[in-house]
2 protein chains.
Amino acid sequence: MTESGKTERSAGGATVWDVASRAGVSAMTVSRVINGNTSVSVKNREKVMRAIGELNYEVNVAARAARIGTLRVGLLYSNPSEAFLSAFLVGALTECGQSGAHLILEHCDNLKSQRKAIDRLIDDGADGILVPPPLCDSKSALRMLAELGIPSVAVATARPSPQMSAVRIDDYEGALTMMRHLLALGHTDIGFIKGDPEHTPTQLRYQAFIDAMRGAGLDVPAERVAQGMFTYRSGLLAARELLGQPTRPTAIFASNDDMAAAVIAVAHGMHLQVPDDLTVCGFDDTPVATTVWPELTTIHQPITEMARGAVALLIEHIRSQRSGHAYDRRHQLMPYTLVVRESTSGTD
Amino acid sequence: MTESGKTERSAGGATVWDVASRAGVSAMTVSRVINGNTSVSVKNREKVMRAIGELNYEVNVAARAARIGTLRVGLLYSNPSEAFLSAFLVGALTECGQSGAHLILEHCDNLKSQRKAIDRLIDDGADGILVPPPLCDSKSALRMLAELGIPSVAVATARPSPQMSAVRIDDYEGALTMMRHLLALGHTDIGFIKGDPEHTPTQLRYQAFIDAMRGAGLDVPAERVAQGMFTYRSGLLAARELLGQPTRPTAIFASNDDMAAAVIAVAHGMHLQVPDDLTVCGFDDTPVATTVWPELTTIHQPITEMARGAVALLIEHIRSQRSGHAYDRRHQLMPYTLVVRESTSGTD
DNA sequence: CTGAAAGCGCTTACAG
DNA sequence: CTGAAAGCGCTTACAG
């Protein structure tokens, strides 16, 4: 516990001056390079980049923030599940921490409060706004943001607007991957629970189900599809509908985890063993997926990473806007993962 | 979107110099006051405090971090529920963000990896360590930390060690509050599901149940108490045990939400309506409490706030240690709340 | 395209 | 107990 440790442990320790002298340029040039400023000769830029690599230089975000003023990232949210919000916040806060930015939160419900929440965010000095679901699918919210011209990034929307940057997974491919898993297990009679029609992923996940069934030469009778709303309660109803048929499907694909958890509860109520008597799977990989028993096979949507990416995109946008550059909206696709747990098994 | 906005919106804008000139002292004295340094005359301290209030001064954490080096807060975690971890991270990251500190995570399972994880945390420059459950109840982990003499704070342990600061709720009083709710609803035949015996809150929550029953002049037959492990699955087993008796209790108090969610699932399986046929309640108020239907009546444990408090305590400890002061361990009790939702009702 | 200077707000020695 | 000076690492005008 010596006092000397304090400085020694400082991350790397190289400064813009170290990089500058090694590269044979001024600190200013180094600063310009690390901030993506274009007015640096290719030659100098390369020299600086090399020096940065050799010295293992990392910018001191605290010092930068001290000079530049702390960036404020606004988060406009309505009523996502708590689990989603937590995962999202972890990612957003982590990235903000690393960039020395502050996160400010604002909640809203209806249209009128959307307007107010956005105004409050801007009054509080938000330099850009993060828009998670379901707001990222709200036309009115997106329009307001566009009119204000404030940098914003949509997260986990399935149909991103070209006007705005977005970070998402491919919901269609994700659902297709789950279907391949079920088909590979030998299931041919599969039920599906749709999500809230207001959310953009709903249609894509359903379409993947239909396409996969057709692709396998299988019929989809109307009684194998139930409407849900992405809530546990709606899953309860949908599961009773699907399992109350004269003949039962051997598997149910619920288009999110909350509804899949409800299917398991209903199945248990009917003395059906999961997965022996009924295979169940969800989508999203939220905490409930590992809370219930058996744990859910699901598609992992990397919410935390997506939030990090969204903050990074937002900061990039704000930066380039400040230095007067044009900024092209970016649509970033993140990788999803099929997570096989105990709720799915073969048909034999 | 004028450039001028950038500076205007800066938080308040008052600096140590502003405060100093208003208080008629030097910037140094102001700095000493805001850092809790003792060597300032009472008179000057008061003058500074007044000036801070009048100017609405807030220290610029970015500038401080630039000068002092970024503080690193280590988080040593093993296998809490994801929901707990998320809520905890949100609080810890928020507080770290506001203090300009960085959070570094390290995971461990068994004893050997505990040692390694702590070493890694220290190698990575952790200035202090946060210890959430269940590690905060691990004697070996606490001993290692004590031997190293590194500032640490236990969170949500029911029996805090006097050697270490701790932030927690009163588990006994919390459980008592829930019992009063059940008793007030008219329940006299109440089942209880105990938690993992290795966790310190387990005993206290159980004791409160026993004491409340005795206090109301009610018996607690052995078959009204089942052993759980705080997991959903153990709750499934415990619920079957409790509800499989010739006569059923009218209410079940599960000592956490995961187990309470399992009780609801089992009850539904037996065609019992919750809360009409069976009242169910949990403890902790984790996301699952609002995911299941009906939503759970539970005791809200303010994990996010507790994590914030823990980080604040830790930073205070590190600061005073650095400036050579002794630091008294602090045990902070946070307020819990009874949250009444739809899973509990009266007996008539 | 490039750099020398001054400064962001705070704190660490160093004096008194 | 108190303060004048120097500096943390970076960036914003200002020159060239």
Side-chain angles (χ1 to χ4, degrees), chain A residues 3-4 6-21 23-48 52 55 57-71 99-101 318-319 322-324, chain B residues 3-4 6-21 23-48 52 55-71 99-101 318-320 322-324:
Chain A
E3 278 302 292
S4 67
K6 227 187 294 176
T7 47
E8 282 166 32
R9 85 161 69 100
S10 263
T15 72
V16 274
W17 300 96
D18 298 331
V19 175
S21 76
V25 299
S26 74
M28 253 328 301
T29 301
V30 175
S31 174
R32 280 195 260 259
V33 169
I34 60 186
N35 285 294
N37 193 311
T38 40
S39 16
V40 177
S41 68
V42 180
K43 204 173 190 173
N44 274 347
R45 178 182 307 275
E46 274 171 4
K47 281 201 270 185
V48 169
I52 285 177
L55 260 32
Y57 169 78
E58 280 175 31
V59 357
N60 179 326
V61 290
R64 171 185 279 170
R67 194 68 193 68
I68 221 172
T70 301
L71 234 53
S99 312
I318 295 166
R319 281 259 164 76
R322 278 198 182 174
S323 46
Chain B
E3 278 302 290
S4 68
K6 226 189 293 175
T7 46
E8 282 167 29
R9 84 162 70 99
S10 262
T15 73
V16 275
W17 300 96
D18 299 330
V19 175
S21 76
V25 300
S26 74
M28 257 324 305
T29 299
V30 176
S31 175
R32 280 193 262 260
V33 169
I34 60 187
N35 286 293
N37 193 312
T38 40
S39 15
V40 177
S41 68
V42 180
K43 203 173 188 173
N44 274 345
R45 178 182 306 278
E46 274 170 5
K47 280 201 270 184
V48 170
I52 286 178
L55 258 34
N56 223 292
Y57 169 78
E58 280 175 31
V59 1
N60 179 326
V61 292
R64 172 185 278 170
R67 194 66 194 68
I68 221 172
T70 302
L71 234 53
S99 312
I318 295 165
R319 282 259 162 76
S320 74
R322 279 200 181 171
S323 47

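We use all heavy atoms of the structure for the numbers below, so side chains are in, but hydrogens, waters and symmetry mates are not. Numbered from 1 within each chain, the chains take letters A, B, ... in sequence-line order. This one's a predicted model, so the numbers in the text were calculated from it and none came from an experiment.
In this structure, A:T15 OG1 and A:L55 CG are separated by 8.5 Å, a value rounded to the nearest 0.5 Å. With values rounded to the nearest 0.5 angstrom, A:N35 atom CG is found 4.5 Å from A:R64 atom CZ. Note that NZ of A:K47 is 6.5 Å distant from NZ of A:K43, once rounded to the nearest 0.5 Å. Rounding to the nearest 0.5 angstrom, the gap separating the OG atom in A:S99 from the CZ atom in A:R319 is 7.5 Å. The distance from atom OG of A:S26 to atom CG of A:N44, rounded to the nearest 0.5 Å, is 8.5 Å.
Of the residues B:V16, B:V25, B:V40, the one that meets the side chain to side chain contact (heavy atoms under 4.5 Å, CB included) test with B:V48 is B:V25.
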Pairs under 3.5 Å (Watson-Crick or G-U), crossing ones as [ ], inter-strand ones as |: DNA chain D comes out as |||.||||||||.|||
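Look at CG on A:N35: it is 16 Å from P on C:dC1, rounded to the nearest Å. Remark: C1' of C:dC1 and CE of A:M28 are 11 Å apart, rounded to the nearest angstrom. Counting to the nearest Å, the P atom of C:dC10 and the CD1 atom of A:I68 are 18 Å from each other. In this structure, the CZ atom of A:R32 is 16 Å from the P atom of D:dC10, given to the nearest Å. Nucleotide C:dC10 holds its P atom 3 Å from the OH atom of B:Y57, rounded to whole Å. The separation between A:R67 atom CZ and C:dA5 atom C1' is 12 Å, rounded to whole Å.
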* Asked: Taking it one step at a time, do A:V33 and A:V19 satisfy side-chain contact (heavy atoms from CB on, under 4.5 Å)?
  -> CA-CA 11 Å; A:V33 169; A:V19 175; over 6 Å; no
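Note on A:S39: a base of the nucleic acid sits closer than 4.0 angstrom, heavy atoms only.
Residues from residues 40-48 of chain A that place a heavy atom under 4.0 Å from any atom of DNA chain C, listed by number: A:V40, A:S41, A:N44.
Remark: B:S31 is in phosphate contact with C:dT11, judged by side-chain N or O atoms under 4.0 Å from OP1 or OP2. The shortest distance between the side-chain N/O atoms of B:T15 and the OP1/OP2 oxygens of C:dG9 is not below 4.0 Å.
Place B:V25 and A:I34 on DNA chain D by their nearest nucleotides, and B:V25 ends up nearer the 5' end. Both A:W17 and B:W17 lie near DNA chain C, and the one whose nearest nucleotide falls closer to the 5' end is A:W17.
A:A63 and B:A66 make their closest contact through CA-CB, 3.7 Å (heavy atoms, listed as atom of the first residue, atom of the second, distance). Closest heavy-atom contact between B:A14 and B:Y57: O-CD1, 3.2 Å.
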